[in-house]
There are 2 protein chains.
Amino acid sequence: MNIYQILDKTHPINASSKHKFIECFEEVSFPKNHLIIRSDKVEKDIFFIKKGIARTFSNFDDSEVTIAFGEEGDTIISLKSYILNQKGYENIELLEDCELYKISTASLQNLFATDIDIANWGRKFAEQELIKAEQRFISNQLGTATERYIELLKKHPTLIQRVSLGLIASYLGITQVSLSRIRANIT
Amino acid sequence: MNIYQILDKTHPINASSKHKFIECFEEVSFPKNHLIIRSDKVEKDIFFIKKGIARTFSNFDDSEVTIAFGEEGDTIISLKSYILNQKGYENIELLEDCELYKISTASLQNLFATDIDIANWGRKFAEQELIKAEQRFISNQLGTATERYIELLKKHPTLIQRVSLGLIASYLGITQVSLSRIRANIT
DNA sequence: AGAAAAACTTAACAAATGATAAAAAACGAA
DNA sequence: TTCGTTTTTTATCATTTGTTAAGTTTTTCT
């Protein structure tokens, strides 16, 4: 998915603003297993996935939560770095070799402050992420792990082939062993 | 909390834009138990709480999830109406007699399209809600209901006095009976 | 104040999930 | 391919949370 499609997906931008915007991006590649965002750092860049898949997760004590998976067109971002310029709670690792579009938060802030079309793009971007976050929250509060797993299968059927069971389980908020048991029961 | 404080809390706006912005608000009052946002409607307005407390919840089948409580300075909003102009999944009821500031989404869209300062205010607003949503999600995935209850007590000590146990339980994702048992165990 | 309604607690049993361990299957590198 | 590693399954037992029901306390209304 190229950068034009990625930006347009969020919000249309007029041609001259879009040109200015796209000039700030750089294409980069990283290998599988690369830890691209670290929770102990204020991250200076955000990324969009051209090709590949990533996992956002958070560590506390000895346990780990998978917050999200990102596929082509999705964003790799430390929210607390991007929004508050603070150390985040997210780590993001690449689950495959990835091709990414990179832009610095400094460039973004500058574009937001000077171009109303891009400012509204930034607003739409946050709003769409917010909708996703709330839907995710509601579906995790409702129903059993079995229901959530079946819903995930329906919504992201390809994900199960690309990602290990343990990570899916951590995304669903259960242990890998529980998920294996659930799979045995629904077939 | 007045409308100046509420708007500034999110993002500073220059004086003339702020004046234009505030002119679009209207003060309204509603009694306790009023259902101000309904999930079966596209809502045309959003509200900020001057005085009082509200609860956002979602119904599916026969169960109900409390998504959030809103106190003074917080927003009463159907995200899907505001962002996508679609019917939402949220109901919002007032838990006390409330004084509110009201603005139409149409006015907001108009302000966003024409004033870069207000567009960036809208961006910051969505971003801050996003941070809250993600923190909430992470803390609900981690640890036991007991830990989440203790965390809530620390973060919002006044809430427990203003809101019934059943609603707190539904916020924590457990039943009222379970929460009562938890309270009996931690004292 | 007194009656009715709502909120909260307690208890017993059921269901879902966690923890641990061991075995089987799938995957990857030499 | 083959050996070693990782992933997945299966099983057992412990813990947490849900369900139902009954009883107590608190709040609300007249």
Side-chain angles (χ1 to χ4, degrees), chain A residues 31-35 53 55 57 59-66 69 93-97 137-153 157-187, chain B residues 31-35 52-53 55 57 59-66 69 93-97 138-153 157-187:
Chain A
K32 180 172 174 170
N33 294 325
H34 178 62
L35 187 65
I53 191 167
R55 177 177 80 104
F57 62 101
N59 285 109
F60 289 92
D61 309 325
D62 51 352
S63 66
E64 184 181 297
V65 189
T66 293
F69 296 104
E93 66 177 3
L94 305 182
L95 302 180
E96 301 174 350
D97 293 346
F137 178 77
I138 292 174
S139 97
N140 257 56
Q141 290 293 91
L142 286 165
T144 63
T146 305
E147 290 164 342
R148 275 177 275 145
Y149 176 67
I150 292 171
E151 195 189 323
L152 180 65
L153 277 184
T158 58
L159 202 69
I160 282 75
Q161 275 105 54
R162 293 174 90 177
V163 173
S164 80
L165 256 206
L167 299 184
I168 301 277
S170 136
Y171 178 78
L172 294 172
I174 56 178
T175 62
Q176 184 269 323
V177 176
S178 288
L179 180 53
S180 190
R181 173 165 44 194
I182 283 168
R183 278 154 55 101
N185 286 334
I186 63 176
T187 42
Chain B
K32 180 171 174 170
N33 294 326
H34 178 62
L35 187 65
I53 190 166
R55 176 178 80 105
F57 62 101
N59 285 109
F60 290 92
D61 310 325
D62 52 351
S63 68
E64 185 181 297
V65 189
T66 293
F69 296 104
E93 66 177 4
L94 305 181
L95 301 179
E96 301 175 350
D97 293 346
I138 292 173
S139 97
N140 258 55
Q141 290 293 91
L142 287 165
T144 64
T146 305
E147 288 164 343
R148 276 177 274 145
Y149 176 67
I150 291 171
E151 194 189 324
L152 180 66
L153 277 184
T158 59
L159 203 68
I160 280 76
Q161 276 104 52
R162 293 173 90 177
V163 173
S164 79
L165 257 206
L167 299 185
I168 302 276
S170 134
Y171 178 78
L172 295 173
I174 57 178
T175 62
Q176 184 270 323
V177 176
S178 288
L179 180 53
S180 191
R181 174 167 42 196
I182 283 168
R183 278 154 55 101
N185 286 334
I186 63 177
T187 42

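Here the structure is a predicted model, which means the values were calculated and not measured. Per chain, numbering begins at 1; letters A, B, ... match sequence-line order. These numbers come from the heavy atoms of this one structure, side chains and all, not from hydrogens, waters or symmetry mates.
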Worksheet item: To the nearest 0.5 Å, how far apart are CG in Leu153(B) and CG in Leu159(B)?
Response: 9.5 Å
Worksheet item: To the nearest 0.5 Å, how far apart are CD1 in Ile168(B) and CD in Gln176(B)?
Response: 11.5 Å
Worksheet item: Mind checking what makes side chain to side chain donor-acceptor pair (under 3.5 Å) contact with Arg55(B), not counting sequence neighbours?
Response: Glu64(B), Thr66(B), Glu93(B)
Fill in: Spacing between Leu172(B) atom CG and dT16(D) atom C1', to the nearest angstrom
15 Å
Worksheet entry | Set of side chain to side chain donor-acceptor pair (under 3.5 Å) partners for Glu96(B), sequence neighbours left out | Arg162(B)
Practice prompt. Would you work out how much the helix from dA1(C)-dT30(D) to dA30(C)-dT1(D) bends between its ends, with each end axis defined by five base pairs, to 10 degrees?
Written response: 60°
Worksheet item: Looking at side-chain heavy atoms only, is the closest gap between Leu94(A) and Asn33(A) below 4.5 Å?
Response: no
Worksheet item: Does Thr144(B) reach the side chain of Tyr149(B), with side-chain heavy atoms less than 4.5 Å apart?
Response: no
Worksheet item: Is the shortest heavy-atom distance from the side chain of Asn140(A) to the side chain of Gln141(B) under 4.5 Å?
Response: yes
Item to complete: Take the protein atom OH of Tyr149(A) and the nucleotide atom P of dT8(D), then report the distance between them rounded to whole Å.
Response: 10 Å
Worksheet, complete the sentence: Interatomic distance, CG@Leu35(A) vs CZ@Phe57(A), rounded to 0.5 Å, equals 5.5 Å
Practice prompt. With sequence neighbours left out, write down each residue that passes side chain to side chain donor-acceptor pair (under 3.5 Å) with Ser139(B), or none if nothing qualifies.
Written response: none
Practice prompt. At under 4.0 Å between heavy atoms, which parts of nucleotides 7-26 of chain C does protein reach? Answer with one letter per nucleotide, 5' to 3': B base, S sugar-phosphate only, - none.
Written response: -BBBBB----BBSB------
Worksheet item: Between Ser63(A) and Leu142(B), which heavy-atom pair has the shortest distance, and what is it?
Response: OG-CD2, 3.3 Å
Worksheet item: In whole angstroms, how far is the C1' atom of dT7(D) from the CG atom of Leu95(A)?
Response: 15 Å
Worksheet item: To the nearest Å, how far apart are Asn33(A) CG and dT6(D) P?
Response: 12 Å
Fill in: Summary of protein contacts for nucleotides 22-30 of chain D, nucleotide by nucleotide, where a base hit scores B, a sugar-phosphate-only hit scores S (4.0 Å, heavy atoms)
---------
